[in-house]
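Contents: one structure, followed by commentary.
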Amino acid sequence: MLPKMEPDLTIIQQQQELARLIERFTPEEGTYPTAIPSLSLIRASQVSQPIHAVHEPALCIVAQGSKLVILGQESYSYDPSQYLVASINLPISGQVVQATAERPYLCLRLDFNSEQIFDLIQNLPSTPVKPEPSTRRGLFVSSTKPPLLEAVIRLVRLMDTPEDISVLAPLMIREILYRMIQDEHGHSIRQFAVQNSHAQHIAQVIEVIQSEYAHPLRIQQLAAMINMSTSSLHYHFKAVTAMSPLQYQKQIRLQEARRLLLAGSTDAADAAFQVGYESPSQFSREYARMYGLPPKSDIKQLRQTLHIEC
(Lines give C-alpha, C1' and ligand atoms only; values in the text may rest on other atoms or scores of the structure.)
Protein backbone atom coordinates (compact mmCIF):
# COMPACT_ATOMS: atom_id res chain seq x y z
CA MET A 1 0.00 0.00 0.00
CA LEU A 2 1.44 3.35 -1.04
CA PRO A 3 1.88 5.99 1.69
CA LYS A 4 -0.66 8.81 1.68
CA MET A 5 0.70 11.94 0.00
CA GLU A 6 0.72 14.96 2.28
CA PRO A 7 0.00 18.42 0.82
CA ASP A 8 3.05 20.52 0.05
CA LEU A 9 3.43 22.76 3.09
CA THR A 10 5.46 25.27 1.08
CA ILE A 11 2.60 25.83 -1.37
CA ILE A 12 0.02 26.02 1.44
CA GLN A 13 2.09 28.64 3.26
CA GLN A 14 2.57 30.62 0.05
CA GLN A 15 -1.15 30.53 -0.72
CA GLN A 16 -1.93 31.77 2.78
CA GLU A 17 0.65 34.55 2.50
CA LEU A 18 -0.71 35.65 -0.89
CA ALA A 19 -4.26 35.64 0.48
CA ARG A 20 -3.21 37.83 3.42
CA LEU A 21 -1.51 40.30 1.09
CA ILE A 22 -4.45 40.57 -1.31
CA GLU A 23 -6.93 40.91 1.55
CA ARG A 24 -4.84 43.69 3.09
CA PHE A 25 -4.73 45.65 -0.16
CA THR A 26 -8.45 45.13 -0.98
CA PRO A 27 -10.38 46.52 2.00
CA GLU A 28 -13.75 46.23 0.21
CA GLU A 29 -15.43 44.46 -2.70
CA GLY A 30 -14.16 45.14 -6.18
CA THR A 31 -11.19 45.24 -8.52
CA TYR A 32 -8.26 47.36 -7.39
CA PRO A 33 -5.68 48.69 -9.87
CA THR A 34 -2.30 49.01 -8.21
CA ALA A 35 0.81 51.17 -8.50
CA ILE A 36 2.18 48.37 -10.68
CA PRO A 37 0.35 49.21 -13.95
CA SER A 38 -0.21 45.64 -15.15
CA LEU A 39 -1.28 44.27 -11.75
CA SER A 40 -4.84 44.24 -10.36
CA LEU A 41 -6.22 42.71 -7.16
CA ILE A 42 -9.79 41.39 -6.86
CA ARG A 43 -12.02 40.70 -3.84
CA ALA A 44 -15.57 39.30 -3.71
CA SER A 45 -17.48 38.15 -0.64
CA GLN A 46 -20.22 36.24 -2.47
CA VAL A 47 -20.70 34.12 -5.56
CA SER A 48 -21.46 36.09 -8.70
CA GLN A 49 -23.60 35.84 -11.80
CA PRO A 50 -21.68 35.05 -15.02
CA ILE A 51 -19.89 38.15 -16.29
CA HIS A 52 -19.23 38.30 -20.04
CA ALA A 53 -16.11 40.07 -21.23
CA VAL A 54 -13.19 39.87 -23.64
CA HIS A 55 -10.36 38.43 -21.56
CA GLU A 56 -7.11 40.05 -22.66
CA PRO A 57 -3.73 38.28 -22.21
CA ALA A 58 -3.20 37.84 -18.48
CA LEU A 59 -2.18 35.53 -15.67
CA CYS A 60 -4.86 35.00 -13.01
CA ILE A 61 -4.02 33.44 -9.65
CA VAL A 62 -6.67 32.71 -7.04
CA ALA A 63 -5.41 32.88 -3.46
CA GLN A 64 -8.76 32.02 -1.86
CA GLY A 65 -12.10 30.79 -3.26
CA SER A 66 -12.65 29.54 -6.79
CA LYS A 67 -13.85 30.67 -10.20
CA LEU A 68 -15.44 29.17 -13.30
CA VAL A 69 -14.63 30.45 -16.79
CA ILE A 70 -16.54 29.45 -19.94
CA LEU A 71 -14.93 29.66 -23.39
CA GLY A 72 -17.23 28.52 -26.18
CA GLN A 73 -18.56 25.19 -24.93
CA GLU A 74 -15.58 24.56 -22.62
CA SER A 75 -15.42 25.05 -18.83
CA TYR A 76 -12.31 25.95 -16.85
CA SER A 77 -12.41 25.84 -13.04
CA TYR A 78 -9.52 27.08 -10.93
CA ASP A 79 -8.73 27.65 -7.27
CA PRO A 80 -5.55 28.21 -5.20
CA SER A 81 -4.04 24.96 -6.51
CA GLN A 82 -4.19 26.18 -10.12
CA TYR A 83 -3.72 29.32 -12.19
CA LEU A 84 -5.36 30.45 -15.41
CA VAL A 85 -3.69 32.12 -18.39
CA ALA A 86 -5.32 33.78 -21.39
CA SER A 87 -2.72 34.17 -24.14
CA ILE A 88 -4.90 36.10 -26.62
CA ASN A 89 -8.08 38.19 -26.54
CA LEU A 90 -10.95 35.74 -25.95
CA PRO A 91 -14.67 36.37 -25.32
CA ILE A 92 -15.45 34.46 -22.13
CA SER A 93 -17.85 34.42 -19.21
CA GLY A 94 -16.46 34.29 -15.69
CA GLN A 95 -18.23 33.48 -12.45
CA VAL A 96 -17.01 33.43 -8.84
CA VAL A 97 -18.35 30.12 -7.51
CA GLN A 98 -16.82 30.00 -4.02
CA ALA A 99 -16.79 33.05 -1.75
CA THR A 100 -18.22 34.15 1.59
CA ALA A 101 -17.91 37.24 3.78
CA GLU A 102 -15.71 35.24 6.17
CA ARG A 103 -13.55 33.75 3.38
CA PRO A 104 -13.81 36.10 0.40
CA TYR A 105 -12.68 35.26 -3.09
CA LEU A 106 -9.20 36.78 -3.49
CA CYS A 107 -7.42 36.90 -6.83
CA LEU A 108 -4.71 38.77 -8.70
CA ARG A 109 -4.44 39.49 -12.40
CA LEU A 110 -1.17 40.30 -14.17
CA ASP A 111 -1.56 41.55 -17.74
CA PHE A 112 1.12 40.88 -20.35
CA ASN A 113 1.60 41.14 -24.10
CA SER A 114 3.25 39.17 -26.91
CA GLU A 115 6.16 41.63 -27.08
CA GLN A 116 7.16 40.70 -23.52
CA ILE A 117 6.98 37.01 -24.38
CA PHE A 118 8.92 37.49 -27.63
CA ASP A 119 11.66 39.36 -25.77
CA LEU A 120 11.93 36.46 -23.32
CA ILE A 121 12.06 33.63 -25.83
CA GLN A 122 14.60 35.48 -27.97
CA ASN A 123 16.98 35.33 -25.01
CA LEU A 124 16.35 31.67 -24.14
CA PRO A 125 18.44 29.45 -26.43
CA SER A 126 16.74 26.35 -25.05
CA THR A 127 13.30 27.61 -26.12
CA PRO A 128 12.32 27.01 -29.78
CA VAL A 129 11.66 30.18 -31.74
CA LYS A 130 10.55 28.46 -34.96
CA PRO A 131 6.89 27.77 -35.62
CA GLU A 132 5.67 24.48 -34.14
CA PRO A 133 3.23 22.34 -36.15
CA SER A 134 0.46 22.28 -33.54
CA THR A 135 -1.79 25.18 -32.57
CA ARG A 136 -3.09 25.15 -29.02
CA ARG A 137 -5.91 26.74 -27.10
CA GLY A 138 -5.28 30.35 -26.08
CA LEU A 139 -6.66 29.66 -22.60
CA PHE A 140 -5.43 27.08 -20.11
CA VAL A 141 -5.39 26.11 -16.44
CA SER A 142 -2.19 24.73 -14.92
CA SER A 143 -0.98 23.54 -11.52
CA THR A 144 0.50 26.28 -9.37
CA LYS A 145 4.11 25.64 -8.36
CA PRO A 146 6.23 27.20 -5.56
CA PRO A 147 8.69 29.14 -7.80
CA LEU A 148 5.83 30.96 -9.55
CA LEU A 149 4.01 31.72 -6.29
CA GLU A 150 7.20 32.96 -4.69
CA ALA A 151 7.82 35.43 -7.53
CA VAL A 152 4.19 36.62 -7.44
CA ILE A 153 4.32 37.20 -3.67
CA ARG A 154 7.48 39.29 -4.04
CA LEU A 155 5.74 41.39 -6.71
CA VAL A 156 2.70 42.07 -4.51
CA ARG A 157 4.93 42.91 -1.54
CA LEU A 158 6.42 45.76 -3.61
CA MET A 159 3.24 47.70 -2.90
CA ASP A 160 4.61 48.28 0.61
CA THR A 161 7.67 49.99 -0.88
CA PRO A 162 6.37 52.03 -3.84
CA GLU A 163 9.76 53.67 -4.30
CA ASP A 164 11.09 50.27 -5.45
CA ILE A 165 8.41 49.56 -8.04
CA SER A 166 9.94 51.30 -11.06
CA VAL A 167 13.19 49.35 -10.73
CA LEU A 168 12.16 45.98 -9.30
CA ALA A 169 8.67 45.35 -10.71
CA PRO A 170 9.85 44.86 -14.34
CA LEU A 171 12.43 42.30 -13.15
CA MET A 172 9.88 40.40 -11.09
CA ILE A 173 7.29 40.44 -13.89
CA ARG A 174 9.91 39.07 -16.27
CA GLU A 175 10.61 36.26 -13.81
CA ILE A 176 6.89 35.45 -13.52
CA LEU A 177 6.51 35.32 -17.30
CA TYR A 178 9.59 33.11 -17.50
CA ARG A 179 8.00 30.67 -15.03
CA MET A 180 4.84 30.64 -17.15
CA ILE A 181 6.51 29.91 -20.49
CA GLN A 182 8.67 27.20 -18.90
CA ASP A 183 5.55 25.48 -17.57
CA GLU A 184 4.11 22.35 -19.19
CA HIS A 185 1.57 24.56 -21.05
CA GLY A 186 4.13 27.18 -22.02
CA HIS A 187 3.70 26.57 -25.75
CA SER A 188 0.18 27.97 -25.48
CA ILE A 189 1.80 31.30 -24.59
CA ARG A 190 4.93 31.13 -26.75
CA GLN A 191 3.04 30.31 -29.95
CA PHE A 192 1.70 33.87 -30.33
CA ALA A 193 5.17 35.39 -30.13
CA VAL A 194 6.78 33.13 -32.76
CA GLN A 195 7.07 34.81 -36.14
CA ASN A 196 4.91 33.25 -38.90
CA SER A 197 3.34 30.68 -36.59
CA HIS A 198 -0.25 29.67 -37.23
CA ALA A 199 -1.18 31.13 -33.84
CA GLN A 200 0.37 34.49 -34.71
CA HIS A 201 -1.65 34.55 -37.93
CA ILE A 202 -4.82 33.78 -35.99
CA ALA A 203 -3.96 36.64 -33.62
CA GLN A 204 -3.94 38.95 -36.67
CA VAL A 205 -7.39 37.70 -37.70
CA ILE A 206 -8.70 38.22 -34.16
CA GLU A 207 -7.43 41.79 -34.21
CA VAL A 208 -9.29 42.47 -37.48
CA ILE A 209 -12.53 40.89 -36.22
CA GLN A 210 -12.38 42.92 -33.01
CA SER A 211 -11.76 46.21 -34.79
CA GLU A 212 -14.33 45.57 -37.57
CA TYR A 213 -16.93 43.51 -35.70
CA ALA A 214 -19.83 45.61 -37.08
CA HIS A 215 -18.90 44.78 -40.69
CA PRO A 216 -19.80 41.56 -42.53
CA LEU A 217 -17.29 38.78 -41.91
CA ARG A 218 -15.42 37.96 -45.12
CA ILE A 219 -13.60 34.69 -44.45
CA GLN A 220 -11.91 34.51 -47.85
CA GLN A 221 -10.36 37.96 -47.38
CA LEU A 222 -9.16 37.07 -43.89
CA ALA A 223 -7.66 33.81 -45.15
CA ALA A 224 -5.89 35.60 -48.00
CA MET A 225 -4.54 38.19 -45.56
CA ILE A 226 -2.64 35.48 -43.64
CA ASN A 227 -1.95 33.28 -46.67
CA MET A 228 -4.15 30.42 -45.48
CA SER A 229 -6.95 28.44 -47.07
CA THR A 230 -10.39 29.05 -45.59
CA SER A 231 -10.48 25.51 -44.17
CA SER A 232 -7.07 26.00 -42.55
CA LEU A 233 -8.19 29.33 -41.09
CA HIS A 234 -11.27 27.70 -39.56
CA TYR A 235 -9.21 24.82 -38.17
CA HIS A 236 -6.53 26.92 -36.50
CA PHE A 237 -8.99 29.61 -35.36
CA LYS A 238 -11.06 27.00 -33.55
CA ALA A 239 -7.91 25.40 -32.12
CA VAL A 240 -7.01 28.73 -30.50
CA THR A 241 -10.44 30.08 -29.52
CA ALA A 242 -12.71 27.00 -29.22
CA MET A 243 -15.12 28.66 -31.66
CA SER A 244 -15.44 29.62 -35.32
CA PRO A 245 -14.66 33.15 -36.59
CA LEU A 246 -18.40 33.77 -36.98
CA GLN A 247 -19.11 32.66 -33.40
CA TYR A 248 -16.26 34.86 -32.17
CA GLN A 249 -17.66 37.88 -34.04
CA LYS A 250 -21.15 37.16 -32.68
CA GLN A 251 -19.91 37.18 -29.08
CA ILE A 252 -18.02 40.44 -29.63
CA ARG A 253 -21.12 42.03 -31.19
CA LEU A 254 -23.42 40.93 -28.36
CA GLN A 255 -21.01 42.06 -25.65
CA GLU A 256 -20.72 45.49 -27.27
CA ALA A 257 -24.52 45.75 -27.68
CA ARG A 258 -24.97 44.91 -24.01
CA ARG A 259 -22.47 47.61 -23.08
CA LEU A 260 -24.38 50.17 -25.18
CA LEU A 261 -27.70 49.18 -23.63
CA LEU A 262 -26.29 49.27 -20.11
CA ALA A 263 -24.99 52.79 -20.74
CA GLY A 264 -28.56 53.80 -21.54
CA SER A 265 -27.61 55.66 -24.71
CA THR A 266 -29.72 53.59 -27.11
CA ASP A 267 -32.55 51.05 -27.41
CA ALA A 268 -32.31 47.42 -28.52
CA ALA A 269 -33.02 48.08 -32.21
CA ASP A 270 -30.42 50.85 -32.45
CA ALA A 271 -27.86 48.77 -30.55
CA ALA A 272 -28.48 45.89 -32.96
CA PHE A 273 -27.78 48.08 -35.99
CA GLN A 274 -24.72 49.69 -34.38
CA VAL A 275 -23.03 46.33 -33.82
CA GLY A 276 -23.82 45.03 -37.30
CA TYR A 277 -27.18 43.23 -37.13
CA GLU A 278 -29.61 43.87 -39.98
CA SER A 279 -32.53 42.18 -38.20
CA PRO A 280 -33.56 43.36 -34.69
CA SER A 281 -35.53 40.12 -34.19
CA GLN A 282 -32.46 38.01 -34.96
CA PHE A 283 -30.46 40.19 -32.58
CA SER A 284 -33.02 39.67 -29.79
CA ARG A 285 -33.02 35.89 -30.32
CA GLU A 286 -29.23 35.63 -30.22
CA TYR A 287 -29.01 38.06 -27.30
CA ALA A 288 -31.47 35.97 -25.26
CA ARG A 289 -29.61 32.78 -26.18
CA MET A 290 -26.35 34.22 -24.85
CA TYR A 291 -27.57 36.11 -21.77
CA GLY A 292 -30.67 34.12 -20.85
CA LEU A 293 -33.13 37.04 -21.21
CA PRO A 294 -34.31 39.43 -23.96
CA PRO A 295 -32.36 42.73 -24.07
CA LYS A 296 -34.81 44.86 -22.06
CA SER A 297 -35.27 42.31 -19.26
CA ASP A 298 -31.57 41.50 -19.11
CA ILE A 299 -30.50 45.13 -18.77
CA LYS A 300 -33.11 45.75 -16.07
CA GLN A 301 -31.85 42.79 -14.06
CA LEU A 302 -28.21 43.73 -14.67
CA ARG A 303 -28.74 47.27 -13.42
CA GLN A 304 -30.32 45.92 -10.24
CA THR A 305 -27.42 43.54 -9.74
CA LEU A 306 -24.81 46.21 -10.32
CA HIS A 307 -26.77 48.92 -8.46
CA ILE A 308 -26.60 51.20 -11.48
CA GLU A 309 -28.83 54.25 -11.30
CA CYS A 310 -30.96 54.88 -14.41
Side-chain angles (χ1 to χ4, degrees), residues 18 21-22 25-26 30-44 51-63 67 69 71 76 78 80 82-96 105-122 136-142 144 147-159 162 164-183 185-194 199-200 202-204 206-207 210-211 240-241 248 251-252 255 259:
L18 184 58
L21 285 167
I22 296 175
F25 291 118
T26 57
T31 299
Y32 290 77
T34 71
I36 302 168
S38 56
L39 179 68
S40 300
L41 306 178
I42 301 102
R43 177 180 181 140
I51 297 174
H52 296 259
V54 175
H55 201 310
E56 297 179 348
L59 160 69
C60 299
I61 294 183
V62 171
K67 190 170 187 179
V69 167
L71 173 67
Y76 298 79
Y78 63 110
Q82 302 156 310
Y83 66 90
L84 177 138
V85 171
S87 306
I88 194 72
N89 291 358
L90 295 169
I92 58 98
S93 71
Q95 182 178 11
V96 174
Y105 168 82
L106 302 169
C107 178
L108 69 79
R109 170 178 169 147
L110 181 66
D111 298 326
F112 63 88
N113 56 52
S114 60
E115 287 77 17
Q116 290 172 289
I117 304 301
F118 180 76
D119 180 60
L120 262 178
I121 65 176
Q122 285 291 100
R136 303 187 190 180
R137 190 75 79 239
L139 186 78
F140 67 85
V141 170
S142 189
T144 306
L148 175 64
L149 272 179
E150 195 270 334
V152 167
I153 288 169
R154 282 190 281 111
L155 180 67
V156 179
R157 282 178 182 158
L158 277 183
M159 293 171 59
D164 296 334
I165 288 176
S166 63
V167 173
L168 296 182
L171 302 177
M172 294 177 185
I173 291 171
R174 186 177 177 86
E175 179 183 351
I176 291 167
L177 298 180
Y178 168 78
R179 299 294 180 191
M180 287 164 45
I181 66 172
Q182 294 296 92
D183 187 83
H185 297 289
H187 173 58
S188 295
I189 306 170
R190 294 192 303 267
Q191 62 181 347
F192 295 101
V194 178
Q200 192 180 70
I202 296 305
Q204 295 173 20
I206 287 174
E207 185 177 343
Q210 282 195 289
S211 63
V240 169
T241 68
Y248 187 102
Q251 292 214 22
I252 297 296
Q255 286 191 20
R259 186 192 68 78

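When a residue number appears, it is its place in the shown sequence, counting from 1.
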More than 12 heavy atoms of other residues, nucleotides or ligands under 6.0 Å from OH of Tyr178: is that the case?
no

Discussion item. Are more than 12 heavy atoms, taken from residues, nucleotides or ligands other than Glu207, located less than 6.0 Å from that residue's CD atom?
Written reply: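 No, because the 6.0 Å sphere around CD of Glu207 holds 12 heavy atoms or fewer from other groups.
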
Taking only residues two or more places apart in sequence, or in another chain, which ones meet Gln210 in a side chain to side chain donor-acceptor pair (under 3.5 Å)?
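With neighbours one apart ignored, the set is Asn89.
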
Hits for side chain to side chain donor-acceptor pair (under 3.5 Å) against Asp119, two or more places apart or cross-chain, chain-then-number order -> Arg174

Min side-chain heavy-atom separation His185-Val85 under 4.5 Å =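 Result no, sub-4.5 Å side-chain heavy-atom pair not found.
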
- Does any non-hydrogen side-chain atom of Gln116 lie less than 4.5 Å from one of Ile173? yes

For residues [X] and [Y], report the shortest heavy-atom separation together with the two atoms involved.
X      : Y      : result
Arg43  : Thr26  : NH1-O, 2.8 Å
Ser40  : Thr31  : CB-CG2, 4.1 Å
Pro80  : Thr144 : O-OG1, 3.8 Å
Leu21  : Arg157 : CD1-CG, 3.9 Å
Ser188 : Gln191 : O-NE2, 3.3 Å
His55  : Arg109 : CE1-NH1, 3.7 Å

Next on the checklist: As a quick check of understanding, evaluate side-chain contact (heavy atoms from CB on, under 4.5 Å) for Met180 and Ile176, giving each step before the final call.
Outcome noted: CA-CA 6 Å; Met180 287 164 45; Ile176 291 167; 4.2 Å; yes

About how many Å separate [atom2] of [Y] and [atom1] of [X], when rounded to the nearest 0.5 Å?
X      : Y      : atom1 : atom2 : answer
Asp111 : Cys60  : CG    : SG    : 8.0 Å
Tyr76  : Phe140 : OH    : CZ    : 10.5 Å
Lys67  : Ile51  : NZ    : CD1   : 7.0 Å
Ile206 : Phe192 : CD1   : CZ    : 6.5 Å
Leu106 : Leu18  : CG    : CG    : 8.5 Å
Ile202 : Ile88  : CD1   : CD1   : 9.5 Å

Main chain of [Y], side chain of [X]: is a donor-acceptor contact present, judged purely on distance under 3.5 Å?
X      : Y      : result
Gln255 : Val54  : yes
Asp183 : Gly186 : no
Gln251 : Tyr248 : no

Please tabulate, for the side chains in residues 148-155, all donor-acceptor contacts under 3.5 angstrom to protein atoms that are two or more places apart in sequence or on a different chain.
unit_1, atom_1, unit_2, atom_2, d
Glu150, OE1, Arg154, NE, 3.2
Glu150, OE1, Arg154, NH2, 3.1
Glu150, OE2, Arg154, NE, 2.7
Arg154, NH2, Glu175, OE1, 2.7
Arg154, NH2, Glu175, OE2, 2.9

Result for side-chain contact (heavy atoms from CB on, under 4.5 Å) between Leu108 and one of Thr34, Ile42, Leu39 points to Leu39

Working note: Val69 + Val141, criterion side-chain contact (heavy atoms from CB on, under 4.5 Å); need CA distance, chi angles, decisive distance, verdict. CA-CA 10 Å; Val69 167; Val141 170; over 6 Å; no

